[in-house]
Amino acid sequence: MQYMTLLIAADHGGYALKQAIIAASTTLTCVDLGTHSSDRVDYPFYADTLCQQLIESPSNTKGILICGTGIGVSIRANRYKGIRAALVHDRVTATMASAHNNANVLCLGGRTTSVETALLLIHDWLNTPFEGDRHINRLHQLDADVRYLV
Ligand code: RB5
């Protein structure tokens, strides 16, 4: 895998999984953007924090967002121009998120996905190249006529 920086953020529903991913990611540079405890917080803030930083980051940077289900953070993240956030649950969707959608943010559910599965999904997402070709035009179509937050 090429050198990669991972921004990672979670709400309280994803806090434990975030900590486990950081602990297991010994060969990656992880930048922990919070939350820093299991106290209840609001997930849009953490999605905003990560997306705003990712947009300003070099291209070898990607993001992982985690809330209880992964749904809330994925909805918010996709409101940013340049963010393609994919909520994945299995190795097929994790692989396709890269191969077909060139997703730069992976969304996970801290209450729906085990640590072991999450690590496999992250591995597949990071190690699958974007296929380009016919998918490039589809990504342009995804961005057409959209009003973004920024
Ligand atoms: C918080 O209880 C929960 O709603 C949040 O983590 C997430 O699952 C929202 O989509």
Side-chain angles (χ1 to χ4, degrees), residues 1 4-57 59-128 130 135 138-150:
M1 189 201 317
M4 179 69 61
T5 298
L6 272 183
L7 309 181
I8 185 166
D11 75 353
H12 55 290
Y15 172 71
L17 181 56
K18 173 173 71 69
Q19 298 309 110
I21 290 169
I22 292 170
S25 299
T26 52
T27 60
L28 291 167
T29 302
C30 283
V31 180
D32 184 356
L33 300 175
T35 186
H36 298 294
S37 79
S38 54
D39 293 348
R40 188 176 297 161
V41 292
D42 297 328
Y43 59 81
F45 172 82
Y46 294 93
D48 288 346
T49 301
L50 184 141
C51 290
Q52 288 166 11
Q53 186 157 328
L54 182 57
I55 287 166
E56 302 295 327
S57 297
S59 60
N60 65 343
T61 308
K62 293 189 177 185
I64 295 177
L65 282 169
I66 315 168
C67 62
T69 59
I71 296 171
V73 287
S74 65
I75 291 171
R76 183 66 174 180
N78 280 308
R79 294 180 180 182
Y80 283 84
K81 185 170 187 160
I83 298 294
R84 290 175 303 281
L87 172 58
V88 302
H89 292 102
D90 52 47
R91 299 190 75 173
V92 173
T93 50
T95 300
M96 287 301 143
S98 274
H100 286 191
N101 309 111
N102 200 18
N104 53 4
V105 174
L106 196 75
C107 299
L108 299 167
R111 296 173 181 150
T112 61
T113 302
S114 69
V115 173
E116 293 72 21
T117 298
L119 295 176
L120 283 174
L121 303 186
I122 293 165
H123 173 274
D124 291 346
W125 169 59
L126 290 179
N127 288 284
T128 302
F130 176 49
H135 302 292
R138 292 168 185 168
L139 296 192
H140 290 315
Q141 291 172 21
L142 280 182
D143 291 341
D145 303 321
V146 176
R147 295 178 69 185
Y148 292 103
L149 273 178
V150 292

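Residues: numbered from 1 along the sequence shown. Whatever order the structure lists ligands and atoms in, that order sets their numbers, starting from 1.
- Shown here for Leu7 and Ser57, the closest heavy-atom pair between the two residues is CD1-OG, 4.2 Å.
- For atom 5 (C) of ligand 1, the closest heavy atom belonging to the protein is Asp11 OD2, 3.3 Å.
- Distances shorter than 4.0 angstrom do not occur between any heavy atom of Arg40 and any atom of ligand 1.
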side-chain contact (heavy atoms from CB on, under 4.5 Å) between Tyr46 and Thr35, worked out: CA-CA 7 Å; Tyr46 294 93; Thr35 186; 3.6 Å; yes
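- His135 and Phe130 have tilted rings, their planes meeting at an angle from 30° to 60° on a 0 to 90° scale.
- With ligand atoms numbered from 1 in the order given, ligand 1 contributes 1 (C), 2 (O) to contacts under 4.0 Å with heavy atoms of His12.
- Residue contacts with ligand 1: Gly68 is placed with a nitrogen or oxygen under 3.5 Å of a nitrogen or oxygen of the ligand (distance criterion only).
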Audit row: Lys62, Leu126, side-chain contact (heavy atoms from CB on, under 4.5 Å) steps and yes/no: CA-CA 9 Å; Lys62 293 189 177 185; Leu126 290 179; 3.9 Å; yes
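- Remark: ligand 1 atoms within the under-4.0 Å shell around heavy atoms of Gly72 are 9 (C), 10 (O).
- Protein heavy atom closest to atom 2 (O) of ligand 1, with residue, atom name and distance, is Arg111 NH1, 3.3 Å.
- Side-chain atoms of Asp48 and Tyr80 form a donor-acceptor pair, as typed in the model, at a separation below 3.5 Å.
- Protein heavy atom nearest atom 4 (O) of ligand 1, with residue, atom name and distance: Tyr43 CE2, 4.4 Å.
- On a distance-only criterion, Gly70 and ligand 1 share no N/O pair closer than 3.5 Å.
- By the 3.5 Å distance cut-off applied to N or O atoms, Thr69 is counted among the residues near ligand 1.
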side-chain contact (heavy atoms from CB on, under 4.5 Å) assessment of Leu106 paired with Val88: CA-CA 7 Å; Leu106 196 75; Val88 302; 3.6 Å; yes
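- Of all heavy-atom pairs spanning Asp32 and Lys18, the tightest one is OD1-NZ, 2.9 Å.
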